[in-house]
Amino acid sequence: MASTEPGTLYRHPDRNLAMELVRATEAAAIRAVPFVGKGDKNGADGAAVDAMRKFLGTVDFDGVVVIGEGEKDHAPMLFNGEHVGTGHGPQCDIAVDPIDGTSLTAAGRPNALSMIAVSDRGSMLDASSVYYMEKIVTGPEGIGVVDLRQSIGDNLRALAAAKKKPIGEMQVAVLDRPRHAQLIEEIREAGAGTRLLLDGDVAGGINAARYETRIDMCVGIGGSPEGVASACAIKALGGLIQGRLAPKTDEERERGEAAGLKFDYVYEADELVRSDNTFFVATGVTDGGLVEGVRRKGPIIRTESIVLRSRSGTIRRVVADHLAEKWL
């Protein structure tokens with residue numbers, strides 16, 4: 001849709017953009033594979049960043065990185081405020097994580113992926129001044145039922161009732177961190193089981209919102225950038241996501257307040273991303289519950305990706321075979 005503002009050609013991201021972005025996550029995932037299990041998470045991340053930046057530069061859009069991997073002085077990271085794309089076409093906010101799960105990649109563990117989230121320009125919450133956020137994610141059954149302001153026990157009982165499921169069969173994804181020891185105990189005391197994540201709460205949140213998985217809820221404190229990126233995916237799935245900023249120091253809180261962020265406040269999905277036209281694209285690096293990892297099959301390299309779009313409410317899986325000789 002063209003803007004009526006003089007001298008401005010503005011178009012919303014359309015469905016074709018998602019398929020272009022898949023090329024960038026595929027490239028990042030493929031380039032990270034030589035580092036799987038080699039103990040070099042920085043090497044893996046650097047290779048993925050270089051590949052993602054190169055492919056994003058060929059895409060016809062005007063993207064601004066709202067959520068990136070680092071600051072400008074730390075290149076080659078895709079830094080906050082960096083412009084990517086050809087500069088022509090839709091104007092977008094983007095969140096990038098060339099590898100969500102660098103430690104998983106370095107150790108050769110499951111659930112590492114490459115991801116990009118996109119929304120209309122100016123619609124993503126810039127929470128970069130506060131690194132951590134408390135989050136809760138469920139499927140559509142949790143809307144109007146689950147609330148971050150309630151205890152985890154009350155939320156589990158309410159969600160179990162909404163899903164008509166015994167609480168003993170409920171499974172909750174939580175990052176396996178010392179800060180979550182009390183939370184994990186309370187989940188188990190309520191009668192539910194835990195799925196402890198070594199890393200990668202973006203995939204954990206998406207799996208909590210998808211109807212065909214065994215995960216009913218994802219909860220706990222993880223990265224604020226991942227929370228905003230996850231919101232793009234959860235809106236496409238029709239699920240629930242809420243976030244509450246969790247600064248570690250008074251200085252971090254002051255920086256957040258100076259940036260206009262709200263504290264002791266629960267952000268809803270439409271506040272994390274103020275757009276009904278969001279995209280989320282991810283390609284597996286290692287095998288996981290969301291997508292399979294990169295596989296070499298004779299002369300080809302096979303990738304699996306997931307593409308979510310909120311406006312159409314669609315979930316697409318893209319399996320691509322790449323001639324290995326083109327990646328040598």
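Just the heavy atoms: all of them, side chains too, but no hydrogens, waters or symmetry mates, feed the values below.
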Quiz item: Can you tell me if Arg296 uses its side chain to pair, donor with acceptor, with the backbone of Gly298 under 3.5 Å?
Solution: yes
Practice problem: Scan side-chain atoms only and decide if Arg317 and Ser305 contain a donor-acceptor pair under the 3.5 Å cut-off. | Solution: no
Quiz item: Do Asp120 and Cys92 have side chains that get closer than 4.5 Å, going by heavy atoms?
Solution: no
Quiz item: Would you call Arg311 and Asp276 a salt bridge, using N to O less than 4.0 angstrom?
Solution: yes
Exercise. For the pair Lys135 (side chain) and Gly205 (backbone), establish whether a donor and an acceptor sit closer than 3.5 Å, ignoring hydrogens and angles.
Key: no
Quiz item: Are Tyr132 and Val66 connected in the hydrophobic side-chain network, where two residues link if heavy atoms are under 4.5 Å apart?
Solution: no
Quiz prompt | Nearest-0.5 Å distance, NZ of residue Lys163 to CG of residue Asp216 | solution = 3.5 Å
Quiz item: Side chains of Ser230 and Ile241: closer than 4.5 Å at any heavy-atom pair?
Solution: yes
Quiz prompt | Check: Tyr267 ring centroid to Tyr265 ring centroid under 6.0 Å | solution = yes
Exercise. Mind running side-chain contact (heavy atoms from CB on, under 4.5 Å) on Val307 and Val22 for me, showing each step along the way?
Key: CA-CA 8 Å; Val307 179; Val22 168; 3.4 Å; yes
Practice problem: Report yes if the side chains of Thr303 and Val319 come closer than 4.5 Å at any heavy-atom pair, otherwise no. | Solution: no
Quiz item: With the threshold set at 4.0 Å, does a side-chain nitrogen-carboxylate oxygen contact exist between Arg53 and Glu82?
Solution: yes
Quiz item: Without hydrogens or angle criteria, can the side chains of Ser123 and Ser275 be said to hold a donor-acceptor pair below 3.5 Å?
Solution: no
Practice problem: Would you confirm whether His180, through its side chain, and Ile221, through its main-chain N or O, come within 3.5 Å as a donor-acceptor pair? | Solution: yes
Quiz item: Rounded to the nearest 0.5 Å, how far apart are CD1 of Ile152 and CD1 of Ile136?
Solution: 5.0 Å
Quiz prompt | Exercise: do Asp126 and Ser128 side chains pair donor with acceptor under 3.5 Å | solution = yes
Exercise. Answer yes or no: is there an ion pair linking Arg157 with Asp154, defined by an N-O contact shorter than 4.0 Å?
Key: yes
Quiz item: Linking I/L/V/M/F/W/Y whenever any side-chain heavy atoms sit under 4.5 Å apart, do Met133 and Phe263 land together?
Solution: yes
Quiz item: Does a side-chain heavy-atom distance below 4.5 Å link Val64 with Arg121?
Solution: yes
Quiz item: Looking at Asp287 and Arg295, does any basic side-chain N land under 4.0 Å from a carboxylate oxygen?
Solution: yes
Quiz item: Which class fits the ring pair Trp327 and Phe55: parallel under 30°, tilted 30 to 60°, perpendicular over 60°?
Solution: parallel
Quiz item: Minimum heavy-atom separation for Ala47 to Phe35, with atom names?
Solution: CB-CE1, 3.6 Å
Practice problem: Output yes when a side-chain donor or acceptor of Thr278 lies under 3.5 Å from a complementary backbone atom of Cys232, and no otherwise. | Solution: yes
Quiz item: Is the number of heavy atoms from other residues, nucleotides or ligands under 6.0 Å of Lys54 NZ greater than 12?
Solution: no
Quiz prompt | Non-hydrogen atoms of Leu113 and Ala203 that approach each other most closely | solution = CD2-CB, 4.0 Å
Quiz item: What heavy-atom pair brings Ile167 and Ala190 nearest, and what distance separates the two atoms?
Solution: CD1-O, 3.3 Å
Exercise. Report yes or no: does Thr86 contribute a side-chain atom to a donor-acceptor pair with the main-chain N or O of His88 at less than 3.5 Å?
Key: yes
Quiz item: Cluster question for you: counting only ILVMFWY and a side-chain heavy-atom cut-off of under 4.5 Å, with indirect links fine, are Leu290 and Val33 together?
Solution: no
Quiz item: Are any side-chain N or O atoms of Glu186 and backbone N or O atoms of Leu183, one a donor and one an acceptor, separated by less than 3.5 Å?
Solution: no
Quiz item: Within a reach of under 6.0 Å around CZ of Arg179, are more than 12 heavy atoms found that belong to other residues, nucleotides or ligands?
Solution: yes
Practice problem: Look at the side chain of Asp93 and the backbone N and O of Gly122, then say whether any donor-acceptor pair between them is shorter than 3.5 Å. | Solution: yes
Self-check item: Glu26/Lys326 salt bridge by N-O under 4.0 Å criterion
Solution: no
Practice problem: Determine the minimum heavy-atom distance between Tyr131 and Pro225, stating which atoms define it. | Solution: O-CD, 3.7 Å
Quiz item: What distance do Met124 atom CE and Ile67 atom CD1 have between them, rounded to the nearest 0.5 Å?
Solution: 5.5 Å
Practice problem: Report the distance from atom CG of Asp45 to atom CZ of Arg31, rounding to the nearest 0.5 Å. | Solution: 15.5 Å
Exercise. Give a yes or no on whether a salt bridge exists between Asp264 and Arg244, defined as a side-chain N under 4.0 angstrom from a carboxylate O.
Key: no
Quiz item: Are the side chains of Arg302 and Glu292 in touch, meaning some heavy atoms are under 4.5 Å apart?
Solution: no
Practice problem: With salt bridge (Lys or Arg N to Asp or Glu O under 4.0 Å) as the test, would you mind laying out the steps for Lys164 and Glu169 before giving the verdict? | Solution: CA-CA 11 Å; Lys164 297 179 173 58; Glu169 295 180 9; over 6 Å; no
Practice problem: Measure from the side-chain N and O atoms of Asn155 to the backbone N and O of Asp147, and report whether any donor-acceptor pair falls under 3.5 Å. | Solution: yes
Self-check item: Lys/Arg N to Asp/Glu carboxylate O, Lys38 vs Asp40, below 4.0 Å
Solution: no
Self-check item: Heavy-atom pair of closest approach, residues Gly289 and Asn111
Solution: N-OD1, 3.1 Å
Exercise. First locate atom CD1 of Ile99, then atom OG of Ser114, and finally report the distance between them rounded to the nearest 0.5 Å.
Key: 7.5 Å
Practice problem: State, with a plain yes or no, whether a side-chain heavy atom of Arg109 is found less than 4.5 Å away from one of Leu198. | Solution: yes
Quiz item: Looking at side-chain heavy atoms only, is the closest gap between Val137 and Met217 below 4.5 Å?
Solution: no
Quiz item: Same cluster or not: are Ile94 and Leu21 linked, directly or through other Ile, Leu, Val, Met, Phe, Trp or Tyr residues, by side-chain heavy atoms under 4.5 angstrom apart?
Solution: yes
Practice problem: Go through the steps for Ile116 and Met52 under the test side-chain contact (heavy atoms from CB on, under 4.5 Å), then give the verdict. | Solution: CA-CA 10 Å; Ile116 299 173; Met52 181 173 282; 3.7 Å; yes
Self-check item: Charged N-O contact under 4.0 Å between Arg23 and Glu20
Solution: yes
Quiz item: Should the pair Glu251-Arg255 be classified as a salt bridge under the 4.0 Å nitrogen-to-oxygen rule?
Solution: no
Self-check item: Atom pair CG (Leu197) and CG (Leu104), whose distance is rounded to the nearest 0.5 Å
Solution: 9.5 Å
